[in-house]
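Step one of this worksheet: look at the structure below.
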Amino acid sequence: MPTSAFSDKVYEIVKMIPRGKVMTYGQVALLLGLPRAARAVGWTLHWVVDDGRIPCQRVVNRYGGLAAGYGWGGQETHRADLEAEGIEVRPDMTVDLERYQWWPSAADLAALQLPPEVLEELNQKLEFSREQLSRSKATLRGRVKRKQTEINP
DNA sequence: ATATTGACCAGTT
DNA sequence: TAACTGGCCAATA
């Protein structure tokens, strides 16, 4: 398992993720203050020993996809570790980000002391997440409404 | 010191 | 959420 200033910070962020929630590699990179270091985050996590000290199962890719190179068992092991904490893994080996993705609280963010330009990027992403959520809720409402119309024409 | 690798990402087609 | 490109970053398999 690599030990460096960089990897220590990665572990610190990953340990913030609550049980039953996930973050993406890009999110972790952003919270490190290095918005484009997602790949390096994945590289570091690749070396993590799956002994439960670092909940690396709670990190997935931008689509919610599980890691092919996870531990020795690959995606199967990753799936088992996620299901062990109640996270549903879909047949295509992804998790529903709208349901499980976690962002730190405002207080947590303040503690990270991120530079202004990173905070700006963070805000944009949060904004985007909110839009996606409201879009999906609107879709759901539409479905429910159509269903009701079918039942009570 | 340079080239290569990888649990990635965003944009385009 | 497909396939592909170019870019990114840390460590060197």
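Every chain is numbered from 1 and lettered A, B, ... according to where its sequence line falls, protein lines coming before strand lines.
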side-chain contact (heavy atoms from CB on, under 4.5 Å) with A:Y70: of A:Q75, A:Q57, A:H46, A:R79, only one passes, and it is A:Q57
Rounding to 0.5 Å, atoms CG (A:L66) and NE2 (A:H78) come to a distance of 4.5 Å
Taking atom C1' in both B:dT2 and C:dT12, what distance in whole Å separates the two? 12 Å
- request: May I ask you to say whether A:E12 pairs ionically with A:K9, meaning some side-chain N is under 4.0 Å from a carboxylate O?
  value: no
Of A:T94 and A:L34, the one whose nearest nucleotide on DNA chain C sits closer to the 5' end is A:T94
dist A:L31:CG -> A:L109:CG (nearest 0.5 Å) comes out at 6.5 Å
Partner of B:dT12 under the Watson-Crick or G-U wobble criteria, both distances under 3.5 Å, comes out as C:dA3
A correct 5'-to-3' footprint of nucleotides 6-13 of chain B, with B, S and - meaning base, sugar-phosphate only and no protein heavy atom under 4.0 Å, is BBBSB---
Separation of C:dA11 atom P from A:M1 atom CE, nearest Å, is 14 Å
**OP:** Quote, to the nearest angstrom, the C1' distance that separates B:dG6 from C:dC8.
**Re:** 12 Å
In terms of heavy-atom contacts, A:R58 and A:G20 come closest through NE-N, 4.3 Å
Quick one, A:K21 with A:R99, criterion side chain to side chain contact (heavy atoms under 4.5 Å, CB included). Give me CA distance, side-chain angles, the key distance, then yes/no. CA-CA 9 Å; A:K21 291 286 172 182; A:R99 184 172 167 195; over 6 Å; no
Using a 4.0 Å heavy-atom cut-off, does A:S4 contact any base of the nucleic acid, only the sugar-phosphate backbone, or nothing at all? sugar-phosphate
